Amino acid sequence: MSEFSIIENYFQSRSFQRKDVSLGIGDDCAITDIPEGQSLAITTDTLIKGVHFPDNTPPGLIAQKAVAVNLSDLAAMGAEPAWISLSLSLPAHDDNWLNQFSSGIQEMCEYYSVQLIGGDTVSGPLSITITAHGFIPKGQALTRSRAKPGDLLYVSGSVGDAALGLAITQNKVDALPSHGNYALQRLNAPSPRVLMGTMLRRIATSCIDISDGLLSDLRHVLYASQCGAIVNLETLPLSLAMRQTVDQEQAFQFALNGGDDYELLFTVPEELKGQLELALVNANVSATCIGQVTGPNDKLRLKLDGEEYQTEVQGYDHFGQ
Ligand code: ADP
Ligand code: MG
């Protein structure tokens, strides 16, 4: 099967269609329309075999994660996803692999009403690069740089589950089957917080998605906003699976330094707390206040029940030593 029939059979014929795409897969470029009054948010992420997923990961899960991590970046800016393009490097032509992979891409596209509008297909080591495009009403993007001293610090969902899942796959931690399944699902098929991101546009002062670890990503916000923060560890949202599988110290390590959670970490002015809580209830999503932003000369401080807490800050850095 040629490159062209791979594209046609697995990507073009299955692609979810949107009205704002006047030309999708098949020409030299895709042609799309941006709605009046909206800005375009654009992001790219690459997943490489052996770095971002183990060799034996099912192709459908690789596809889901590749889309999810990109949509999570859009969510962190408050963007509503619209289109993706897919650059695929494949070691061999494997129909079974392609079938499962393209089904994974299409399931995500249908779920989030996103259209696959183009890409590239080449022969080489297995790697997947997705570029995602989304809309934000002009001037309403959520950036990392506008947190203010006094803002409350929130995180969506629960934190550390992906790190717990990774530790379980590496046989470093034993878990009940149901807890293991939950943590693996969180590791392999993260849910980008798309709805929450759009909901936060008029409420949050800053936002980031947690990909490298809560502390590491919080530092990006604090650096960009020139602020410090206090995080109260007893308020960290830990899943039932986490609480019933590891001790508190280990849970904090996973929650603070583990990557791949794809939850949103955001800051909200104290006076908008009520508005946030109402919006969370209306959208049926959860977020927990875990601390507060402090002044420009402060550092990031961790507290447990009011006492200073020491921990190593790690986070994932591809070029780290
Ligand atoms: P070109 O040689 O002009 O770059 P290609 O042969 O690479 O064109 O691609 C043909 C068409 O198929 C283009 O519209 C391209 O965007 C699309 N395409 C290629 N690979 C993929 C893929 N993996 N997923 C989706 N669309 C793809
Ligand atoms: Mg090409």
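Remember, it's 1-based here, ligands and their atoms both numbered in the order they're listed. Positions are given from 1, in the same order as the sequence printed here. Predicted model only: the values in this text are computed from it and were never measured.
Here is the list of ligand 1 atoms found below 4.0 Å of a heavy atom in Asp28: 3 (O). Remark: ligand 1 atoms within the under-4.0 Å shell around heavy atoms of Gly26 are 11 (C), 13 (C), 14 (O). The Asp120 neighbourhood of ligand 1 comprises atoms 7 (O), 19 (C), 20 (N), 21 (C), 23 (N), with distances under 4.0 Å to a heavy atom of that residue. Residue Ile25 has at least one heavy-atom neighbour below 4.0 Å for each of these atoms of ligand 1: 12 (O), 14 (O), 17 (C), 25 (C), 26 (N). Applying the 4.0 Å criterion to heavy atoms of Thr121 picks out, from ligand 1, the atoms 19 (C), 20 (N), 21 (C), 22 (C), 23 (N).
Annotation: Leu88 places no N or O atom under 3.5 Å from an N or O atom of ligand 1; distance criterion only.
In this structure, the ring of Phe135 has its center less than 6.0 angstrom from the ring center of Trp83.
Among Phe4, Tyr10, Phe11, the residue whose heavy atom lies closest to atom 24 (N) of ligand 1 is Phe11.
At a threshold of 4.5 Å between non-hydrogen side-chain atoms, the residues Ser15 and Gln115 count as touching. Looking only at side-chain heavy atoms (C-beta outward), Phe266 and Ser206 stay at 4.5 Å or farther from each other. Between Leu278 and Gln275 the shortest side-chain heavy-atom distance does not fall below 4.5 Å. At least one side-chain heavy atom of Leu86 sits less than 4.5 Å from a side-chain heavy atom of Leu116.
Under 4.0 angstrom from ligand 1, there are no non-hydrogen atoms of Ile117. Under 4.0 Å from ligand 1, the heavy atoms of Ile7 that appear belong solely to its side chain.
Applying the 4.5 Å side-chain rule to ILVMFWY residues, one finds that Leu240 remains a lone member of its cluster.
The number of heavy-atom neighbours closer than 6.0 Å to CG of Asp174, taken from other residues, nucleotides and ligands shown, is 12 or below.
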